[in-house]
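Presented below is the structure to which this report refers.
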Amino acid sequence: MKALRPSDQTWKRLISVFICLNLFTILYVNLPERVHKTVDQAITARLFPQEQRLVRTQIYHLYQYAHLVGLDNRWQMFGRQSRFNWHYRIYGLYSDGRTTAARLLPDPRQFPRNLFQRILIDFKEGKFHLNIYADKAGRMAYAYYLARCNPSHEGLPIQSVVYELHHQWIREPKVAQSLGSHLDPALNKQTLDVFFVGANQPRINGVSPPKP
Amino acid sequence: MMTTIWERFWFGPAALLPLSFFRINLGLLILCTFLCSAPNWERFYAYDGICSLQITEVSRAAPEDPQSCFYWTEGIVPVRAWWVVGLLAATSFTLGYRTRLCTVTLFVLQCSMIHRSRLLTNGDDLMFRMLLFHSCFAPLGHRLSLDAWLRRKRQLPDLPAPWIWPQRMLQINVALIYAISLPFKFAQDGAWASGQAIYWTMASDMWYRGWFPQLAYSWGPWFSYCATYGTILIEGAFPFLVWFGRTRMPAVWAATALHLGIALFVPHVLFFTLAMVAGFWVYYPESMLESLVARLKRVDR
């Protein structure tokens with residue numbers, strides 16, 4: 001029996017559909033938020049409930065597809081520029097109930113690093129700190145991780161991890177030029193979070209525990 | 001008429017040599033990122049690493065995405081094994097051995113890294129994933145590869161000329177990055193219109209940390225103006241000029257210079273900006289690279 005093999009023309013049609021799907025996905029995902037809202041309002045205003053459900057399901061499937069194949073990136077390179085320099089100061093509070101000690105936890109961005117480490121080894125650290133800036137769950141996850149890695153200090157068990165945000169305003173370009181420095185000397189501090197991490201932390205043992 | 005244009009644009013013969021240069025450049029970059037991730041791999045991707053997935057409050061607030069090989073092999077395969085797989089696949093991809101298999105492996109691994117924890121996702125991860133997705137369909141191993149050498153050695157017949165559509169998808173997607181991001185720049189920050197954006201970028205230690213920030217203000221606003229408006233000009237012109245024979249290479253070289261400049265002055269986005277440069281190989285005309293290869297062969301002899 002002769003094997004069924006699609007002709008070139010069939011392949012071209014299928015590939016054309018695939019190309020259109022991918023291009024439409026990239027463009028749709030990258031539409032401004034305002035356009036998405038307008039589309040959503042138009043769906044609500046102009047379609048019957050059944051049609052609305054159908055269209056919304058298709059949009060959901062489109063997003064699922066974009067997520068699956070990795071076309072869900074929103075390309076916004078260096079869009080918003082920060083007007084202040086900031087960094088976290090993350091430290092652990094160790095206590096046995098009578099004595100308390102604070103210790104700076106080993107995050108690569110709060111210790112001196114050489115050029116090789118800063119540019120190559122720490123290539124994800126800056127973005128990681130930026131990503132947890134607006135994400136309390138992310139900061140909590142990292143606090144638990146640091147606590148697991150540093151469970152005790154001078155015989156005292158860890159009780160909590162504190163995030164302090166230190167920031168310095170960047171001067172306007174003209175002011176920076178006239179004063180010869182781009183950073184305002186005032187260092188502002190703000191305690192962002194105190195995560196209590198002391199109770200029965202699972203320890204790192206090299207092998208991940210099975211999922212519950 | 002439209003059908004002919006469509007047919008010629010998407011289903012002409014692929015330019016194999018630019019795709020091979022693209023493969024080698026992308027492969028080397030991915031290999032570098034795997035090597036640089038080596039000391040932090042468990043910290044980044046282990047179940048009890050930075051993402052702390054075993055902590056109930058955390059996993060409830062930011063659940064892990066199941067579209068990841070880490071998720072399905074948790075507790076069975078040590079997470080370090082995936083690093084070894086990635087390193088081997090990136091080496092093999094660069095050399096062009098079992099190219100298609102390595103491309104798919106790297107794509108799956110890159111998706112897994114992104115889906116393990118969105119907190120660790122960098123611009124270069126997203127760029128690699130996009131390039132690898134389109135590469136899964138592209139004939140990357142037909143030239144300058146071990147696959148091609150082995151085919152010749154075994155005296156196997158030449159493969160039929162593949163269609164160009166995956167290369168076109170790569171070209172369009174790279175051009176779209178500029179076409180999409182430029183309007184967002186103007187919408188998100190007035191500094192792009194006022195010519196101060198590069199000053200703020202260079203003054204921020206999030207992206208820069210330490211190398212000559214005084215360049216951006218010492219000589220007045222001119223450095224920042226030239227760099228900001230130059231960036232806008234290159235990014236704005238690239239998606240259009242790159243489609244015409246005469247303007248293609250100047251547009252590609254200008255964008256390459258822009259990204260090499262970013263790599264120098266904003267070292268924290270090194271891999272992202274070099275991934276963009278890797279993506280530019282798909283625009284090079286085959287004839288230009290043929291003559292380059294011929295010249296290299298002559299030097300070799």
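Chain A is the first sequence line, chain B the second, and so forth, proteins listed ahead of strands; every chain is numbered from 1. Computed from heavy atoms alone, side chains included, the values below leave out hydrogens, waters and symmetry copies.
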Q.
Check this for me, if you would: do A/Lys127 and B/Asp124 make a salt bridge, where the nitrogen-to-carboxylate-oxygen distance has to be below 4.0 angstrom?
A. no

Given the options [options], which has more heavy-atom pairs under 4.5 Å with chain A than any of the others?
{"options": "B/Pro221, B/Ser117, B/Cys51, B/Cys36", "value": "B/Cys36"}
{"options": "B/Ser224, B/Pro166, B/Ser52", "value": "B/Ser52"}
{"options": "B/Arg168, B/Glu7, B/Met127, B/Arg80", "value": "B/Glu7"}
{"options": "B/Trp165, B/Trp6, B/Phe271", "value": "B/Trp165"}

For [X] and [Y], work out which heavy atoms get closest and say how close.
{"X": "A/Lys124", "Y": "B/Asp125", "answer": "NZ-OD2, 2.5 Å"}
{"X": "B/Phe11", "Y": "A/Ile15", "answer": "CE2-CG2, 3.8 Å"}
{"X": "A/Asp107", "Y": "B/Arg43", "answer": "OD1-NH2, 4.2 Å"}

Interface moiety of [X] toward chain B, non-hydrogen atoms closer than 4.5 Å:
{"X": "A/Glu172", "value": "both"}
{"X": "A/Arg74", "value": "side chain"}
{"X": "A/Phe84", "value": "neither"}
{"X": "A/Asp135", "value": "side chain"}
{"X": "A/Ser16", "value": "both"}

Most heavy-atom pairs under 4.5 angstrom with chain B, which of [options]?
{"options": "A/Ile132, A/Leu27, A/Leu23, A/Leu146", "value": "A/Leu23"}
{"options": "A/Ile170, A/Asn131, A/Asn85", "value": "A/Asn85"}
{"options": "A/Ser82, A/Ala143, A/Ala176", "value": "A/Ala176"}
{"options": "A/Phe18, A/Phe128, A/Phe123, A/Phe116", "value": "A/Phe123"}

Q: Would you check if there is a donor-acceptor pair between the side chains of A/His67 and B/Asp65 at a distance under 3.5 Å?
A: yes

Q: Taking B/Arg129 for its side chain and A/Leu71 for its backbone only, find out whether a donor-acceptor pair lies under 3.5 Å.
A: no

Q. For the atom pair CE (B/Met130) and CG (A/Asn73), what is the distance rounded to the nearest 0.5 Å?
A. 7.5 Å

